[in-house]
Amino acid sequence: MTQRSVLIVDDDVKLVELLELYFQKDGFIVYTANDGLAALKTARDKQPDILVLDLMLPGMDGWDICRTLRRDSEVPILMLTARDEESDRLVGLEIGADDYVTKPFSPKEVVARVKAILRRTKGTTSKPVPLRMGDVVIGLEQYQVTKGGQPVELTPTEFKIVELLAGNPGRVFSRLQIVEQTQGYSFEGYERTVDAHVKNLRRKIEENPKEPVYILTVYGVGYRMAGSQNE
């Protein structure tokens, strides 16, 4: 089995050393960085399987690193935030992060979150046929989405959500079900997390995100994919 790699980015040296120890015990190759510019260089040079990225960094903050990487990379990103503010978490998700952990946290939880993200982004070996919604095509084997023949850049979490909904057209999923089936666990604040990812998906695949025809809201319950193009 190929050894997995993680890039840990935080200006708290002791915290980085602690996380490095836990990831190494779990068999990960670990890269580290203590500022934004070093993190960006290491991410591009080493091509880790996943980033554990603090928001508040010297040189370049976590939001800017995430935005920069998302221009040409789909590497999964787990964000760390010291502030328990919903707005911080939602901004991180909207610019392309896959999940977040609020400080203080257990190192074991961070490792578990990373492994859950990697399972859902690296674990599929089947070769299913593409799913189609109008001019949107979801290539499950290629892990790619196109709209009108043009590639659509999705984060791993966004892809898993659209795969779940499109694979069950017409079925209503609660926000908790979406989190559990795409992330492998549930956590406090999941409703806002799902809403942020759906907002991003609509912006990327809908002609008019404010009047969606593919990903539909079922008020008071959750979301579903349109059962047909005529809905």
Side-chain angles (χ1 to χ4, degrees), residues 55 61-74 76-79 81 83-100 117 120-121 130-140 142-183 186-231:
L55 285 179
D61 64 32
W63 288 292
D64 285 339
I65 293 171
C66 188
R67 289 189 188 97
T68 301
L69 287 174
R70 281 292 172 258
R71 293 172 190 162
D72 54 19
S73 172
E74 296 180 5
I77 296 174
L78 173 66
M79 277 194 163
T81 173
R83 296 186 298 178
D84 189 18
E85 293 185 9
E86 184 178 73
S87 59
D88 286 348
R89 300 194 297 267
L90 295 183
V91 168
L93 294 170
E94 289 183 0
I95 63 176
D98 295 278
D99 200 354
Y100 63 84
I117 293 171
R120 69 177 187 265
T121 58
L131 302 174
R132 298 179 183 274
M133 308 178 299
D135 64 345
V136 177
V137 179
I138 303 166
L140 302 180
Q142 299 81 10
Y143 210 79
Q144 183 182 59
V145 174
T146 60
K147 178 177 174 59
Q150 298 301 312
V152 177
E153 297 296 330
L154 301 184
T155 68
T157 297
E158 290 166 1
F159 185 90
K160 281 294 185 181
I161 291 175
V162 77
E163 176 187 11
L164 173 67
L165 296 178
N168 299 273
R171 176 181 170 183
V172 179
F173 287 89
S174 69
R175 292 170 176 84
L176 178 58
Q177 287 175 321
I178 292 173
V179 171
E180 289 179 337
Q181 295 198 40
T182 61
Q183 311 251 53
S186 59
F187 55 91
E188 186 178 355
Y190 63 83
E191 290 193 5
R192 290 292 190 179
T193 300
V194 172
D195 290 344
H197 287 308
V198 169
K199 179 181 178 181
N200 252 16
L201 279 168
R202 284 173 169 165
R203 177 173 55 82
K204 294 177 179 181
I205 69 173
E206 301 277 4
E207 288 295 331
N208 182 355
K210 294 182 179 180
E211 297 182 3
V213 298
Y214 297 134
I215 303 177
L216 307 178
T217 300
V218 181
Y219 292 99
V221 183
Y223 297 98
R224 69 181 178 90
M225 193 68 72
S228 73
Q229 291 179 258
N230 297 321
E231 287 196 57

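Keep in mind that the numbers below use all heavy atoms, side chains included, and drop hydrogens, waters and symmetry copies.
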Given side chains that start at C-beta, do those of I77 and R70 come closer than 4.5 Å, heavy atoms only? yes
Rounded to the nearest 0.5 Å, how far does CD1 of I161 lie from CG of N200? 9.5 Å
Does some side-chain heavy atom of E207 sit less than 4.5 Å from a side-chain heavy atom of K147? yes
When every non-hydrogen atom of R224 is compared with those of L165, the smallest separation belongs to CA-CD2, 4.4 Å
The single option from V198, L201, L216 passing side-chain contact (heavy atoms from CB on, under 4.5 Å) against Y223: V198
Which heavy atom of D98 sits nearest a heavy atom of P76, and at what distance? OD2-CA, 3.2 Å
I'd like to check T182 versus E163 (side-chain heavy atoms, cut-off strictly below 4.5 Å). Are they in contact? no
If you count the non-hydrogen atoms of other residues, nucleotides and ligands that lie under 6.0 Å from CZ in R132, is the total more than 12? no
Gap between atom CG of L55 and atom CG of D64 - 0.5 Å precision: 10.5 Å
Side-chain contact, heavy-atom cut-off 4.5 Å: Q144 with T146? yes
Over all heavy atoms of both residues, which pair between A226 and P169 is shortest? Give the atoms and the distance, please. O-CB, 3.8 Å
Apply side-chain contact (heavy atoms from CB on, under 4.5 Å) to residues V162 and Y214 and explain how you reach the verdict. CA-CA 10 Å; V162 77; Y214 297 134; over 6 Å; no
Test your reading of the model: is there a side-chain donor-acceptor pair from E206 to the backbone of V213, 3.5 Å cut-off? yes
After noting the C-alpha distance and the side-chain angles of K160 and T157, does the key distance pass the side-chain contact (heavy atoms from CB on, under 4.5 Å) rule? CA-CA 5 Å; K160 281 294 185 181; T157 297; 5.7 Å; no
Output the distance between atom CD (E180) and atom CG (L176), rounded to the nearest 0.5 Å. 4.0 Å
As an exercise, state the distance from CD1 of I178 to OG1 of T193, rounded to the nearest 0.5 Å. 11.5 Å
Hey, what do you get for NZ (K199) to NZ (K210), rounding to the nearest 0.5 Å? 9.5 Å
With a 4.5 Å limit on heavy-atom distance, are the side chains of M225 and N168 in contact? no
Any heavy-atom pair between the side chains of E158 and H197 that's under 4.5 Å? yes
SB check D195 R202 (cutoff 4.0 Å): no
All heavy atoms of M79 vs all of G62, minimum pair found to be CE-O, 3.6 Å
